[in-house]
Amino acid sequence: MNRLIIILFLIFAFGFQEKTDYKAAREKMVNNQIKARGIQNRLTLAAMQTVPRHKFVPEKLLSSAYFDSPLPIGYGQTISQPYIVAFMTETIKPKKDFKVLEIGTGSGYQAAILANIVDSVFTIEIVEALYDQAKIRLNELNYHNIFVKNADGYYGWEEKDPFDAIVVTAAAEFVPPPLIAQLKDGGKMIIPVGTPFITQQLLLIEKKEQKIKTKNLMFVRFVPFTRNKDQ
Amino acid sequence: MFAKQQSNFFQFRLLLAVSIISIAIVSYEIQLMHFFNIVQWHHFAYMVISIALLGFGASGTVLSIFRNWMLQRIDILLPFLMISSGLLMTYATRVSRYDFFLFDSYTLFVDQSQFIRLLGTYLIFFFPFFSGALAIGLIFVKKVSNIGTLYFSDLLGSGIGGALIIFLFWQFTPQELPSVIAILPILAGLLVIQKKACMYLISYSLLCLSISVYHFYKPFDLFPSQYKSISYALNLPDAIIEQQISSPYGLVQVVYSPVQRYAPGLSLTYAENIPPCSVIFNNGDWYASISPWSKKDTSHILDYTTMALPYVFDVPKSVLLFNAGGGLEISHALFNGAKQITAIETNATVVSLLKNEYTSLTDSLFYHPKVEIYTQASRTFLNQTNKKYDIIQLPLLGAFGGSVGLNALQEENMLTREAFAEMWKKLSPNGMIVLSSWIDLPPKISLKISAMIAESLESFQIENPLDHIAAVRSWGTITYVIKHEQLKRSEINKVKIFCDRYNFDPVLLPGITAQDRAQFNTMENNNSFSDLEGMFSSQREKIIHEYDFNIQPATDNKPYFFQFLRWKKFPDLVKTIGDKSSVFLELGYLILVVTLIQVIILAVVLIILPLFRLGWKGGNKAWVILYFTALGFGYMFLEIVFIKYFVLYLGHPIYSVATVISVMLISSGLGSLYSSRYQTHRRSLLKITGIITGFILVYSFFIGTFLSSTVGFSVILKIVLTVMIIALPSFFMGIPFPIGLKIVDHIKKSNVPWAWGINGCVSVISTSLAAITAVEMGFTAMMLFAALAYGIAFLSNLLLLQRF
């Protein structure tokens with residue numbers, strides 16, 4: 001009997017320990033990796049604090065879930081570094097009544113962060129296996145305002161357009177024209193540009209009065225050239 | 001006993017067996033480079049193969065320690081080791097594809113579990129080399145008095161192996177090749193079977209032979225890294241491999257998916273549909289896209305990219321396009337009215353695909369009367385042509401999102417100052433050179449291009465270089481046009497209109513302001529592109545010197561355009577973006593350095609280990625270590641620098657590798673054969689190492705000039721010159737090793753395998769070290785280091801006992 005009590009105690013203790021560890025890890029992640037690097041948007045910070053990132057990473061990488069780095073999720077894809085997710089979210093200036101389109105569901109983490117802030121998230125994944133995994137995961141986590149589709153992101157989601165913002169997490173060598181068309185006037189599109197594991201820049205596309213402008217946001221800052229004062 | 005059977009027929013069989021197993025080892029080594037290039041990247045091939053080749057060093061260590069035991073059992077061990085080497089060759093590649101060993105080098109620095117898999121991979125590929133090398137070493141130790149002839153057989157076989165594998169690449173797939181090559185060591189083993197345990201060994205060899213044949217017909221899956229371009233393509237819906245051709249140029253695969261499209265840096269004003277296309281992959285990396293094209297097309301996708309910039313000036317009469325095998329740039333030139341298009345493509349397989357299987361998709365583009373296709377190296381064509389061109393265009397440089405330094409060690413002979421000067425000479429009076437690249441941040445490619453243009457134009461005595469340049473950028477690409485003549489006002493206006501129409505911004509154009517540079521596409525730090533102008537000012541040297549990355553223009557002596565890593569600045573980079581991310585900026589080069597470090601550690605262990613058995617003193621060990629280390633360094637450095645020099649001269653890495661390896665090893669083999677005429681005397685060593693040092697020193701100063709002045713010669717003449725240049729020093733370089741081994745044998749027999757092992761270990765270190773030296777110091781420095789190594793070998797002979 002004593003032995004049983006000890007076992008139950010250990011199970012309870014470890015289970016409890018695990019929960020608190022993840023919460024603490026998340027808090028640490030928000031403070032050290034996100035706030036410390038200048039992310040201030042209250043809604044973004046709250047979402048990053050709420051969404052259980054460890055539920056979106058492969059089991060064998062659970063211990064690295066809250067590390068300051070992207071992690072492989074298979075099929076050559078990654079779950080982005082927490083800071084990148086936060087930066088992209090903050091950049092589109094999300095509001096509660098927003099309808100957001102995401103191209104490249106991947107693990108579903110970015111969609112979950114957005115879903116904590118905005119009204120609805122429509123997300124498209126081209127790789128069937130990733131789509132299946134993400135759909136199950138998001139259902140299990142009760143994200144009822146996320147709509148997932150297995151399709152070619154090139155065409156966007158015409159039935160649901162226009163979108164207040166479009167987040168392209170799987171960048172292509174061109175910006176699909178249908179996505180520009182489905183962006184609401186005044187809307188923002190954000191695209192990370194880089195190879196897996198290193199996002200060197202983010203491309204922000206803004207549509208205003210049918211004019212389209214881009215801005216390369218270089219969040220990886222380097223020491224600028226040392227120039228003469230007269231230059 | 002083996003030693004007593006000295007019949008001429010057995011001697012012949014022994015020599016033949018040494019040659020055959022050497023053929024197999026070299027073929028297998030090159031085949032492995034090819035294999036790793038397909039499933040991973042060529043840096044990782046270096047990494048694994050370096051360790052595998054340490055099998056040579058390890059065989060020397062094992063022989064040193066177990067010399068007597070092994071020599072007593074040589075009758076059985078020799079055939080057993082050779083046959084086993086064949087069996088291991090069959091299985092190594094296959095087993096490396098099992099899930100347990102399947103490692104992804106791309107994630108080596110972020111996923112620690114990869115290190116265990118990497119260790120497993122090392123072990124798998126170590127044993128076939130170890131087994132084969134141990135067999136050769138055993139013969140060398142046993143028959144050291146006949147070392148000249150044996151070493152000749154070894155080098156002759158290696159030379160033949162280097163050439164044979166090129167032929168085999170045409171005939172067999174990467175999955176079939178290990179089984180084919182594995183037959184050779186088994187045959188070699190059969191040749192040296194003697195009466196002792198004859199039936200067991202014959203049965204074993206037949207079993208191994210059957211296994212090889214069985215696996216030849218049951219090829220394994222390649223499983224390329226999930227981070228290779230082809231893996232992404234094959235993950236797309238309904239993706240299929242339409243074509244697959246194996247050749248020495250690489251494994252060419254064409255993938256089609258209805259959702260695969262290509263439109264690099266497309267203007268955001270483009271509102272039409274982008275059609276799906278097939279994509280050519282070479283060794284799993286993106287090579288070119290084959291977009292559908294018809295003479296009746298009313299628009300061209302590249303017209304909506306910055307690459308259309310050269311066509312806004314005028315209708316060109318003659319256009320020269322490099323690496324245009326996919327045909328997209330050709331159809332673009334035709335669409336813009338070019339009268340005559342010359343397209344150069346180095347990969348013959350790609351040209352063949354466009355001329356046959358994809359001719360209807362591209363409306364017989366490669367048979368168009370205005371299009372001429374040349375299958376040869378770009379620099380060779382440039383040197384041979386007498387024509388002048390209105391447009392000379394290079395392919396799009398870099399990769400979308402950066403190339404994580406995977407091309408850092410790739411020689412880019414078209415992106416050097418010398419290549420730029422040659423292109424400049426081939427321009428018509430109103431001609432222009434066109435360079436386009438992906439925009440990378442922080443800017444590296446664009447700054448290096450600017451530095452190259454600035455230095456080149458200055459050397460052509462152009463007074464105001466910026467008056468000759470127009471550069472425009474979209475959100476993703478930047479295109480430079482460098483005109484032979486100054487830009488006219490009307491041309492400047494045309495560029496401005498082009499930019500307005502497609503939402504592009506001029507970044508270099510006479511008379512523009514900072515505001516003009518950021519009308520449509522801005523940056524957080526808009527100075528990034530205005531800094532390009534700095535390259536044309538007196539501040540250039542300062543900028544280059546202080547920049548975080550290496551943006552010094554590449555030259556023919558250091559043709560590594562994509563090498564951006566500066567060791568001095570790397571710690572800053574780690575501080576700025578973190579250690580895990582920073583390694584991905586220059587992954588390729590870092591892998592090479594890691595390779596070198598691990599090889600040095602293992603080699604030192606393998607060299608020191610036998611000393612516990614042989615003793616630390618006696619046997620002139622200081623001379624042995626210095627002499628054989630110097631020989632190993634000298635030989636490998638010269639071999640590698642020859643390969644690098646002749647890539648440009650012969651036009652393709654494959655021709656260079658095959659020619660240099662074959663000619664050099666066979667000539668050295670002949671030298672080794674000739675070495676029996678020399679007395680095993682210190683004077684002989686001093687004389688021969690002195691001659692070699694002198695040869696290499698002369699080469700160091702003249703080879704570059706000689707090759708560049710004869711590169712335009714006919715192919716036949718160039719081959720004759722190549723053979724002469726390589727064969728002459730190589731003949732002499734085959735002499736010091738066998739004489740040295742004989743002297744070791746005279747001093748202390750048990751030191752022979754140790755000396756052989758030292759040479760093996762050092763050869764492996766030299767491979768990685770030579771690659772780093774080439775990148776950091778250039779080809780001339782490599783030559784000088786080779787001369788220095790032979791100079792040290794020369795001086796080391798002074799340590800030799802007086803009686804020699």
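In what follows, every chain begins at residue 1, and chains take the letters A, B, ... in the order their sequences are listed. Values below: all heavy atoms of this structure, side chains included; hydrogens, waters and symmetry mates excluded.
Within 6.0 Å of CG in A/D185 there are more than 12 heavy atoms belonging to other residues, nucleotides or ligands. Within 6.0 Å of NZ in A/K55 there are 12 or fewer heavy atoms belonging to other residues, nucleotides or ligands. Within a 6.0 Å sphere centred on CD of B/Q519, other residues, nucleotides and ligands contribute more than 12 heavy atoms. Other residues, nucleotides and ligands contribute at most 12 non-hydrogen atoms within 6.0 Å of the CZ atom of B/R501. Residue A/K213 places its NZ atom among 12 or fewer non-hydrogen atoms of other residues, nucleotides or ligands, all under 6.0 Å distant.
For A/K211, no part lies near chain B; criterion is any non-hydrogen pair under 4.5 Å. Contact of B/L236 with chain A is made through the side chain alone, with heavy-atom distances under 4.5 Å. For chain B, no part of A/L130 is nearby; none of its heavy atoms comes within less than 4.5 Å. Within the 4.5 angstrom heavy-atom criterion, only side-chain atoms of A/I180, from C-beta onward, approach chain B.
Between B/N273 and A/Y155 the shortest side-chain heavy-atom distance falls below 4.5 Å. Counting heavy atoms from C-beta on, the side chains of A/N216 and B/R473 come closer than 4.5 Å. Residues A/M189 and B/L268 form no side-chain contact, since every pair of their non-hydrogen atoms from C-beta on lies 4.5 Å or further apart.
Within the model, atoms OH of B/Y227 and OG1 of A/T78 stand 7.0 Å from one another, a figure rounded to the nearest 0.5 Å.
Closest approach of B/W475 to A/F174, counting heavy atoms only: CZ2-CA, 3.7 Å. Taking all atoms of both residues into account, the shortest heavy-atom contact from A/I212 to B/N503 is O-ND2, 3.2 Å. A pairwise comparison of heavy atoms in B/Y262 and A/E173 identifies CD1-OE1, 3.6 Å as the closest pair.
Judged by distance alone, the side chain of B/T522 and the main-chain N or O of A/T214 form a donor-acceptor pair under 3.5 Å. Side-chain N or O atoms of A/Y154 include one that pairs as donor or acceptor with a backbone N or O of B/I274 at under 3.5 Å. At least one donor-acceptor pair under 3.5 Å links the side chain of B/Q226 to the backbone N or O of A/Y75.
When each of B/S231, B/A271, B/G265, B/A263 is scored by its heavy-atom pairs under 4.5 Å with chain A, the top score falls to B/A263. Of the residues considered (A/P177, A/P176, A/P178), A/P177 shows the highest number of contacts with chain B, using heavy-atom pairs under 4.5 Å.
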